[in-house]
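Following: one structure in structure tokens, then a few remarks.
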Amino acid sequence: MVDAILGLQWGDEGKGKIVDFFAPQYDVIARFQGGPNAGHTLYVGDKKIVLHQIPSGVFHQKTVNLIGNGVVLDPVTLKRECETVASFGVDVKKNLFISQRTNLILPTHRALDKASELQKGIDKIGSTLKGIGPAYMDKTGRNALRVGDLLDKSFTTSYIRLRLKHQRLLDNFNFQEDISAWEEEFFEAIEFLKELNIVNGEYFINNKISEGKKVLAEGAQGSMLDIDFGTFPFVTSSNTTTAGICSGLGIAPQKIRDVMGVTKAYCTRVGGGPFPTELTDNTGEELRRLGNEFGATTGRPRRCGWIDLVALKFACMINGVTKVIMTKADVLDKFEELNVCTSYKIDGEESEIIPFQMTRHKIEPMLKSFAGWNSDSTSVKNFSDLPEKMKTYVDFINKYVGTNVSHISNGPGRDQIVEVK
Ligand code: GDP
Ligand code: IMO
Ligand code: MG
């Protein structure tokens, strides 16, 4: 049996905290897509940790963690992160497993990402510059090197061949930076990676399922960054939606039970691309300040706006969401008035549909206003003690999207989460 936790917006919904919260109920936590572009924040005691490659269940003794074949893996980030979690007493040799089929991010992928973004100029995606796009291009282009290849003696030759190919592309971009230091780190890190548990991920996970173990698939990025259904081309390069679980882990669709979709009580986006409910005024600034909305991977200020129910309903449909988890409700504690977007005016015509593409149209959000609850919700533990106005707000969202909010997160801490009853 497999459940999933994934993002319903443009990423950074608080997936890391939610996975960490539910992890004790599962035996295996598995990442199925994305790579070090992800930044999943969680707290161990009062220590803040941001995970990029390792699944967010790693701090729970009884769960094992799998990096699935759908992930792109940067050995340098992985090594650094393993060292961080080891300083908390986590034994990655015991509880971290990596699929042989996971594709590697090479130093030249990072260089290509940078070169491509520079060439795009003002039209750039605003990528995290972690080499994600180029690494997935090599996967679909059938050139990539995979974790299992590390164990083969032909690895260095294959690396040199691919590197040469990349160099020609970099020359075309007129990219001049010296990346020899990156390569040095990379070769050091692959020696480290070889010592970890490299497994046949699809058998590993299916055997666990057959033994009756519970698996939690952890999404990265968000549904509106999905390569197929997101705001293309301002998206990432993988399927961030439920479908990605099957191809990213080797799991059959009928094994998937609950799909827990995470949304903030408002909305953020980092990087370029359409964001219909974005607030570029003082209210947006307040959301950023109160929500501490700065990227966990790049430190960039996140763009902030009201919750977009058109996009949220679309994300619930694409993912087959069975439960919605609302995070950062406490960030709205101080607002007199709240708004939710219930439809778009697309080139003057009202619509509740996410259009084929959003950049070539003028999209105006149609807003419904709510009274803010104006009280501190951060120490509430029971649903009955949450402000009535918050319940009205959540109730409207439930009705609009047709799926109910099951948990409301009211602070970054592990214990700051309220079950809806
Ligand atoms: P992820 O990428 O989806 O895991 O989310 P990030 O870690 O990038 O960003 C979420 C941020 O919000 C982190 O700094 C979390 O510590 C914080 N956070 C998560 N849930 C809550 C919440 O309910 N309230 C507040 N105030 N912060 C939260
Ligand atoms: P988590 O898992 C927010 C965004 C980038 C950029 C676009 C493409 O922490 O929610 P990429 O590096 O993937 O080629 O960048 O996607 N992006 C994210 N935004 N959270 C993330 O991950 C993101 N991962 C990528 O900012 O706009
Ligand atoms: Mg994040």
Side-chain angles (χ1 to χ4, degrees), residues 5-21 31 33-43 47-53 55-56 71-72 74 105 109-110 112-114 116-117 124-137 218-227 230-238 240 261-275 287 289-303 325-334 376-378 380 407-418:
I5 288 181
L6 40 78
L8 298 179
Q9 299 174 307
W10 280 277
D12 303 328
E13 297 89 350
K15 299 174 290 293
K17 168 188 160 156
I18 301 302
V19 169
D20 177 55
F21 173 76
R31 279 276 310 266
Q33 47 72 229
N37 47 350
H40 295 182
T41 313
L42 42 97
Y43 281 83
K47 279 255 164 49
K48 174 174 160 175
I49 290 152
V50 181
L51 294 171
H52 302 285
Q53 293 272 195
S56 303
V71 169
V72 284
D74 185 337
I105 300 179
H109 286 136
R110 281 160 63 198
L112 283 165
D113 199 358
K114 194 167 175 189
S116 157
E117 286 284 80
K124 70 177 181 187
I125 309 287
S127 101
T128 58
L129 303 179
K130 302 293 178 191
I132 305 299
Y136 277 114
M137 279 164 74
E218 172 180 2
Q221 291 77 57
S223 303
M224 298 309 285
L225 288 172
D226 181 275
I227 181 73
T231 46
F232 192 87
F234 297 93
V235 293
T236 192
S237 301
S238 61
T240 59
V262 188
T263 176
K264 282 178 188 169
Y266 51 99
C267 197
T268 65
R269 166 160 214 173
V270 62
F275 181 6
L287 281 171
R289 189 178 68 78
L290 293 165
N292 192 21
E293 295 295 357
F294 296 89
T297 298
T298 58
R300 291 177 291 179
R302 294 177 183 146
R303 300 154 66 192
I325 295 171
M326 182 183 279
T327 57
K328 304 193 98 160
D330 56 296
V331 175
L332 301 182
D333 279 355
K334 290 198 172 78
D376 183 350
S377 67
T378 54
V380 174
H407 293 76
I408 298 172
S409 172
N410 54 343
R414 256 184 186 166
D415 58 343
Q416 288 177 298
I417 188 160
V418 176

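Predicted model only: the values in this text are computed from it and were never measured. Every number for a ligand or one of its atoms is a count from 1 in the order of the listing. The figures that follow rest on heavy atoms only: side chains count, while hydrogens, waters and symmetry mates do not.
- Heavy-atom proximity to Leu225, at under 4.0 Å, picks out these atoms of ligand 2: 4 (C), 16 (O), 17 (N), 18 (C), 19 (N).
- Nearest non-hydrogen protein atom to atom 8 (C) of ligand 2 is Val235 O, 3.4 Å.
- Within the 2.8 Å limit, Ala296 places no N, O or S atom next to the Mg ion (ligand 3).
- Of all atoms in ligand 2, listed by their number and element, those nearer than 4.0 Å to a heavy atom of Ser127 are 6 (C), 11 (P), 12 (O), 14 (O), 15 (O).
- Shortest contact from atom 9 (O) of ligand 1 to any protein heavy atom: Arg302 NH2, 3.5 Å.
- Among all protein heavy atoms, the one lying closest to atom 23 (C) of ligand 2 is Gln221 CG, 3.6 Å.
- When the heavy atoms of Lys15, Lys264, Lys48 are ranked by distance to atom 3 (O) of ligand 1, first place goes to Lys15.
- Shortest contact from atom 13 (O) of ligand 2 to any protein heavy atom: Thr236 OG1, 2.6 Å.
- Closest protein heavy atom to atom 27 (O) of ligand 2: Val270 O, 3.2 Å.
- Distances below 4.0 Å separate heavy atoms of Tyr43 from the following atoms of ligand 1: 16 (O).
- Each salt bridge (Lys or Arg N to Asp or Glu O under 4.0 Å) pair with one or both residues in residues 126-136, not counting sequence neighbours, would appear here, but there are none.
- Of the listed residues (Asp330, Asn410, Asp20), the one carrying the non-hydrogen atom nearest atom 26 (N) of ligand 1 is Asp330.
- One distance of note links OG1 of Thr41 with NZ of Lys17; it measures 11.5 Å at 0.5 Å rounding.
- Checking Val262, Thr128, Leu129 against atom 12 (O) of ligand 2, the nearest heavy atom belongs to Thr128.
- At the shortest separation from atom 23 (O) of ligand 1 among protein heavy atoms lies Ser409 OG, 2.5 Å.
- Of the candidates Lys328, Gln9, His40, Glu218, the one placing a heavy atom closest to atom 17 (C) of ligand 1 is Lys328.
- Residue, atom and distance of the protein heavy atom nearest to atom 3 (C) of ligand 2 are Asp12 OD2, 3.2 Å.
- Considering CH2 of Trp10 and CZ of Arg303, their distance stands at 8.5 Å, rounded to 0.5 Å.
- Looking at Lys15 against ligand 2, only its side chain comes within 4.0 Å, counting heavy atoms.
- Shown in contact with Ala296 at under 4.0 Å from a heavy atom are these atoms of ligand 1, numbered in order with element: 8 (O).
- For the pair Ala329 and ligand 1, the shortest N or O to N or O distance does not fall below 3.5 Å.
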